[in-house]
2 protein chains.
Amino acid sequence: MGRTRHDRFDCSPGCAVEATLSLIDGKWKGVVLYHLMSGTLRFNEIRRKLPNVTQRMLTNQLRELEADGLITRTVFAQVPPRVDYDLSERGRTLEPVILALKVWGDANMPATENAAA
Amino acid sequence: MGRTRHDRFDCSPGCAVEATLSLIDGKWKGVVLYHLMSGTLRFNEIRRKLPNVTQRMLTNQLRELEADGLITRTVFAQVPPRVDYDLSERGRTLEPVILALKVWGDANMPATENAAA
DNA sequence: CAGCATCCCATTAGATACTG
DNA sequence: CAGTATCTAATGGGATGCTG
């Protein structure tokens, strides 16, 4: 499966911006990373936090995040199966970035949440 | 034209993350914003900085950024035409976010740029 | 529970040609 | 110079059904 979008980094110094974006775009990666910042989550726990994601998409996004080394996937040989997802070390270094995105969104998105009262 | 991706914000608090991402993803928006942080640019100046973008895509991305209130578009009634693009005030508030993306990319993307020496 | 496989539609993005 | 228009290829993403 392709690296979502942003495949070609043919921009001069702004390159790094797109390079980072390429890891966290993809419709659900950002939120997944955000939720994992709070700790380990199992597949269906993540799913429950993202009401409109399909298993297929979630699986894809998780696999890509894993392939990019941002999360770890731990499979327990049990029945029923259990799979834990965590931020990897590399993923943890992204925390400031994710937070920056969240802070800005909270502060500057009028539609996201009524900041009234 | 559709809001690139990330249309449905149906995640609990992580919403804001996706909301912000929705404004800066779109394959070129991040870099465009980044380059505009250095000052006013005309259409072809931006194009030159993004060797692989097509006019169509660039126009789209610029229009979306404008619609989202992140950049301003100033048309000069001249022949030949001249159009200036600048970050808007709202766009300027995104600077820390864009910088966070760039800083992380520079530091953590092995392929992006050899950080040697 | 945590997936994988398949089918199919919608959107994105590239190429190319034309215009005020 | 700074676009617009059209046509098409590629990808993304939803729905559904099956499995260890």
Side-chain angles (χ1 to χ4, degrees), chain A residues 1-11 18 21-32 35-36 40-67 71-86, chain B residues 1-11 18 21-32 35-36 40-67 71-86:
Chain A
M1 214 114 300
R3 265 308 43 67
T4 328
R5 194 160 42 248
H6 302 277
D7 275 338
R8 289 163 186 114
F9 305 131
D10 27 30
C11 27
E18 293 298 320
L21 273 176
S22 74
L23 299 180
I24 61 184
D25 78 349
K27 191 161 191 179
W28 300 107
K29 291 185 186 177
V31 226
V32 168
H35 286 299
L36 284 179
T40 305
L41 289 174
R42 298 176 57 172
F43 186 83
N44 277 345
E45 287 178 325
I46 301 177
R47 241 191 117 179
R48 251 170 258 125
K49 288 179 181 291
L50 277 28
N52 281 337
V53 78
T54 59
Q55 342 63 322
R56 198 175 86 83
M57 273 320 295
L58 184 54
T59 303
N60 277 347
Q61 304 283 291
L62 288 170
R63 289 295 134 82
E64 291 196 11
L65 287 169
E66 192 191 358
I71 65 173
T72 60
R73 180 166 172 275
T74 311
V75 182
F76 295 86
Q78 307 178 350
V79 177
R82 170 182 164 191
V83 179
D84 282 359
Y85 289 96
D86 289 276
Chain B
M1 218 114 300
R3 258 320 37 69
T4 330
R5 192 159 44 246
H6 301 278
D7 275 338
R8 286 162 190 115
F9 304 131
D10 27 32
C11 29
E18 292 298 321
L21 273 177
S22 73
L23 299 180
I24 60 184
D25 79 347
K27 191 163 191 181
W28 301 106
K29 290 186 188 178
V31 224
V32 168
H35 285 299
L36 284 179
T40 305
L41 289 174
R42 298 176 58 171
F43 186 83
N44 277 345
E45 287 178 326
I46 301 177
R47 243 193 116 177
R48 249 170 261 127
K49 288 178 182 292
L50 277 28
N52 281 336
V53 77
T54 59
Q55 341 67 318
R56 200 178 85 83
M57 275 316 297
L58 184 54
T59 303
N60 278 348
Q61 305 281 291
L62 289 170
R63 289 294 135 80
E64 290 194 12
L65 288 169
E66 191 191 359
I71 64 173
T72 59
R73 181 167 171 274
T74 312
V75 183
F76 295 85
Q78 308 177 350
V79 178
R82 170 182 165 189
V83 178
D84 281 0
Y85 289 94
D86 289 277

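Order of the sequence lines fixes the chain letters, A, B, ..., with proteins taken first and strands second; residue numbering starts at 1 for each chain.
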What is the distance from CE of A:M57 to P of D:dT11, rounded to the nearest Å? 15 Å

Roughly, in whole Å, what's the span from CD in B:Q55 to C1' in D:dT6? 13 Å

Flag the pair A:R63 and A:E66 as a salt bridge only when some basic side-chain nitrogen lies within less than 4.0 angstrom of an acidic carboxylate oxygen. yes

Rounded to whole Å, the CZ-C1' distance (B:R63 to D:dA2) equals 9 Å

Any A:R42 side-chain N or O less than 4.0 Å from OP1/OP2 of C:dA2: yes

Between D:dA15 (P) and A:L58 (CG): distance, integer Å: 15 Å

Interatomic distance, CG@B:L50 vs CD@B:E45, rounded to 0.5 Å, equals 12.5 Å

Using atom CZ of B:F43 as one end and atom P of D:dG3 as the other, report the distance to the nearest whole Å. 5 Å

Hey, does the side chain of A:R73 come within less than 4.0 Å of C:dG3's phosphate (OP1/OP2), counting only N and O? yes

Rounded to the Å, how far apart are B:N60 CG and D:dT6 P? 14 Å

From CD of B:E64 across to C1' of C:dT12 the rounded distance in Å is 10 Å

Whether A:K27 contacts D:dG14 is assessed here as follows: a side-chain N or O lying under 4.0 Å from the phosphate OP1 or OP2. Is that the case? yes

Rounded distance in Å - CD (B:Q61) to C1' (D:dA2): 17 Å

At 4.0 Å (heavy atoms only), tell me whether B:R47 reaches a base, stays on the sugar-phosphate, or touches nothing. nothing

B:Y85 near the nucleic acid: base, sugar-phosphate alone, or nothing, with a heavy-atom cut-off under 4.0 Å? sugar-phosphate

The side chain of A:P80 is closest to which nucleotide in this list: C:dC1, C:dG3, C:dG20? C:dC1

Checking contacts here: which listed nucleotide (D:dG3, D:dT16, D:dT6) is nearest the side-chain heavy atoms of B:R56? D:dT6

